[in-house]
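When a residue number appears, it is its place in the shown sequence, counting from 1. Just so you know, ligand 1 is whichever comes first in the structure, and atom 1 is the first atom listed for that ligand.
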Amino acid sequence: MLKHELRWNPLLREWIIVAGHRRARPWRPEEKKRMCPFCPGAPEIGDRADWDVMVLPNKYPALRPDALEPKSRRGLFRTAAAKGFCEVVIETPEHEGDLCNLSLEHMKKVVDAYTEEYRKLGHEDFVKYVMIFRNKGKEIGVSLTHPHSQIYALPFIPPRPRRELESCRDYHLKEGRCLICDILAQETQEGERLIYENDHMIAFLPFYAMWPYEVHIVPRKHVRSLMDLKEEEKYHLADILRAVTAIYNALFDFDMPYIMVFHQEPTDGNDYGYYHMHIEFYPPYRERDKLKYAAGIEWGAGTFTYDGIPEEKARELRRAGHKAIEKGDYLGYVP
Ligand code: ZN
Ligand code: ZN
Ligand code: FE
């Protein structure tokens with residue numbers, strides 16, 4: 001029988017998604033020539049190449065809409081149905097590249113796909129949180145290199161967004177303002193960690209970054225999710241996503257691996273007016289030839305050590321930015 005359930009950790013108070021069948025997942029099948037499942041000609045894609053962005057269900061989903069309710073609860077060991085959706089957003093028919101290699105028009109279509117899936121999946125009443133993310137690079141452990149991002153529609157609010165939501169709620173109660181608007185104001189005022197900005201979006205290496213080259217993208221306007229963005233703002237989001245990935249790839253003159261995540265308001269029907277959507281990038285490098293690992297202190301304690309000085313790393317990114325942005329067709333600039 002396929003093991004497929006959520007298990008509750010009563011100590012950390014968080015869910016684990018148990019997905020036994022995912023063992024069968026192919027590991028980098030495209031390395032054997034012409035076996036990329038996301039290239040035109042592959043069974044799920046069809047022969048047509050006249051598309052820009054394609055959304056498919058994940059073939060090896062960790063969550064499924066028809067997941068069975070678990071039978072029972074044994075003492076402290078509680079389970080729940082692994083009910084949800086896992087999707088893949090294939091960003092281009094081209095087998096190689098990063099977000100910065102897509103045209104602005106093309107990247108805007110990717111943003112539109114994210115928005116539409118967030119709306120559609122969030123509309124299901126068992127979906128409490130829609131997590132959009134992108135894993136890039138062998139160092140991150142991606143199993144497929146064809147440019148794609150993923151969406152998990154979860155039946156619970158996961159711990160990191162939950163903590164952010166609680167902090168924003170508490171701050172709003174106390175100060176009557178948005179915590180993230182205020183962080184953005186202070187980052188803008190201090191200025192030394194800013195990386196890129198356009199009319200509607202700002203990218204910076206946060207004062208409290210955990211990863212050496214961590215970058216956050218925050219809309220200037222207080223918006224809770226992609227659904228609150230106007231067309232023009234979505235173009236500027238597309239622009240800044242292209243810019244940040246171009247800056248990363250210019251930093252060491254190699255394709256920078258990273259994890260990209262969208263933090264948006266939950267879709268459980270409650271009011272999260274105090275929350276402010278943003279996007280976070282965590283690249284695993286701390287220097288050109290050194291990876292940063294989450295190890296004993298990070299995993300065991302949950303406390304990160306930052307190898308370096310955030311303001312210096314931000315300066316390096318800006319320097320790379322001047323190089324990368326001048327060459328391209330971008331809407332914004334490196335401050
Ligand atoms: Zn491919
Ligand atoms: Zn705000
Ligand atoms: Fe966040």
Would you call R242 and M107 a side-chain contact if the rule is heavy atoms closer than 4.5 Å? yes
For N/O/S atoms only: which one belongs to E280 and is nearest the Fe ion (ligand 3)? OE2
Kindly say whether the aromatic ring centers of F85 and Y152 come within a distance under 6.0 Å. no
Is there a donor-acceptor contact under 3.5 Å from the side chain of D239 to the main chain of Y330? no
ang(ND1 H222, the Zn ion (ligand 2), SG C181) rounded to 10° is 110°
In H276, the N/O/S atom nearest the Zn ion (ligand 2) carries the name ND1
Output field for angle at the Zn ion (ligand 1), C36.SG vs H146.ND1, rounded to 10°, should show 110°
Would H216 count as a contact for the Fe ion (ligand 3), in the sense that one of its N, O or S atoms lies under 2.8 Å from it? no
For the metal site, I want the angle between atom ND1 of H95 and atom SG of C39 with the Zn ion (ligand 1) at the apex, to 10°. 110°
salt_bridge(E166, R163) N-O dist < 4.0 Å: no
Taking the Fe ion (ligand 3) as the apex, H263 ND1 and E164 OE1 span an angle, rounded to 10°, of 90°
Nearest heavy atoms of P266 and L165, plus distance in Å: CG-CD1, 3.5 Å
Please determine if E91 and R134 form a salt bridge, counting it only when a charged side-chain N lies under 4.0 Å from a carboxylate O. yes
